[in-house]
Amino acid sequence: NGRQIYSPHILPVSPNAKLEWIGFSEHCIPVTYDSKGIVRTLSSKFGLSWIPVLDCHKALANKGDHYFVVGMTHNPNYLRVVLCKGMNYPPVHPRPVMSNISLSIPLCDLQTEKSEVEEQYLQQLLIHRHGDEMSNSEA
């Protein structure tokens, strides 16, 4: 059937953190989110490694706030979240509002134009490579 079974790997989380969410993006890319706010995707392009694609805590205004992850979309590359002010889980009433956080692969210096271009290239490389592999395995 063309599908591959990969050997088990260790799922990385940040030091002193716990896994808060695991799921799949709309392109079937495995995605994790840990309690330190780091979002990782599994990439076969880099030897089946978990690559950090976003540090959510940098986007939080208050230390007591928290993001509740709903999913990840591509084109544009967003993490879909609900902002929980002062709590870990969103209230059920009133209905929570979802937000999008743009993915931003942690690089050394994102303030330069060169680093922005490199970061966009890495995002496309990670996503399109996985999309190509999914297409080939479904054929």
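Along the sequence shown, residues are numbered consecutively beginning with 1. The analysis underlying the following values was restricted to heavy atoms, covering all of them including side chains, and did not include hydrogens, waters or symmetry mates. Only a predicted model underlies this, so the values are computations on that prediction, with no experimental measurement involved.
- Formation of a donor-acceptor pair under 3.5 Å by the H66 side chain with backbone atoms of C84 is not found in this model.
- Side-chain contact between P30 and W50 is present, with heavy atoms from C-beta onward closer than 4.5 Å.
- There is a path of hydrophobic side-chain contacts, each under 4.5 Å, that joins I22 to L48.
- Interatomic distance, L19 CG to S35 OG, rounded to the nearest 0.5 Å: 9.0 Å.
- Considering only heavy atoms from C-beta on, S14 comes within 4.5 Å of R40 through its side chain.
- In this structure, V31 is a member of the same hydrophobic cluster as V81, with clusters built from ILVMFWY side-chain heavy atoms closer than 4.5 Å.
- In this structure, the side chain to side chain donor-acceptor pair (under 3.5 Å) partners of S25, at least two apart in sequence or on a different chain, are H74.
- Taking hydrophobic clusters as Ile, Leu, Val, Met, Phe, Trp and Tyr residues chained together by side-chain heavy-atom distances below 4.5 Å, L103 shares a cluster with Y33.
- Side-chain atoms of D65 come within 3.5 Å of backbone atoms of G86 as a donor-acceptor pair (strictly under, hydrogens ignored).
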Would you check, one step at a time, whether the test side chain to side chain contact (heavy atoms under 4.5 Å, CB included) holds for R80 with N100?
CA-CA 5 Å; R80 305 272 299 151; N100 296 327; 2.5 Å; yes

Evaluate the side chain to side chain contact (heavy atoms under 4.5 Å, CB included) criterion for residues L83 and L60: first the C-alpha distance (whole Å), next the side-chain angles of each, then the deciding distance (0.1 Å), finally the verdict.
CA-CA 9 Å; L83 176 60; L60 288 172; 3.8 Å; yes

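- Between the side chain of D34 and the main chain of V13, no donor-acceptor pair closer than 3.5 Å is present.
- Contact detail for P15 and K36: the closest heavy-atom pair is O-CE, 3.3 Å.
- Of all heavy-atom pairs between C56 and L79, the closest is SG-CD2, 3.6 Å.
- Evaluation of the side chain to side chain donor-acceptor pair (under 3.5 Å) rule for N88 yields no partner, not counting sequence neighbours.
- When the options V39, I29, L54, I101 are evaluated for a side chain to side chain contact (heavy atoms under 4.5 Å, CB included) with M72, the one that passes is V39.
- If you chain together ILVMFWY residues whose side-chain heavy atoms come under 4.5 Å of each other, Y89 ends up grouped with F68, V70, V82, M98.
- Although no hydrogens or angles enter the test, the distance criterion places no donor-acceptor pair under 3.5 Å between the side chain of N62 and the main chain of G64.
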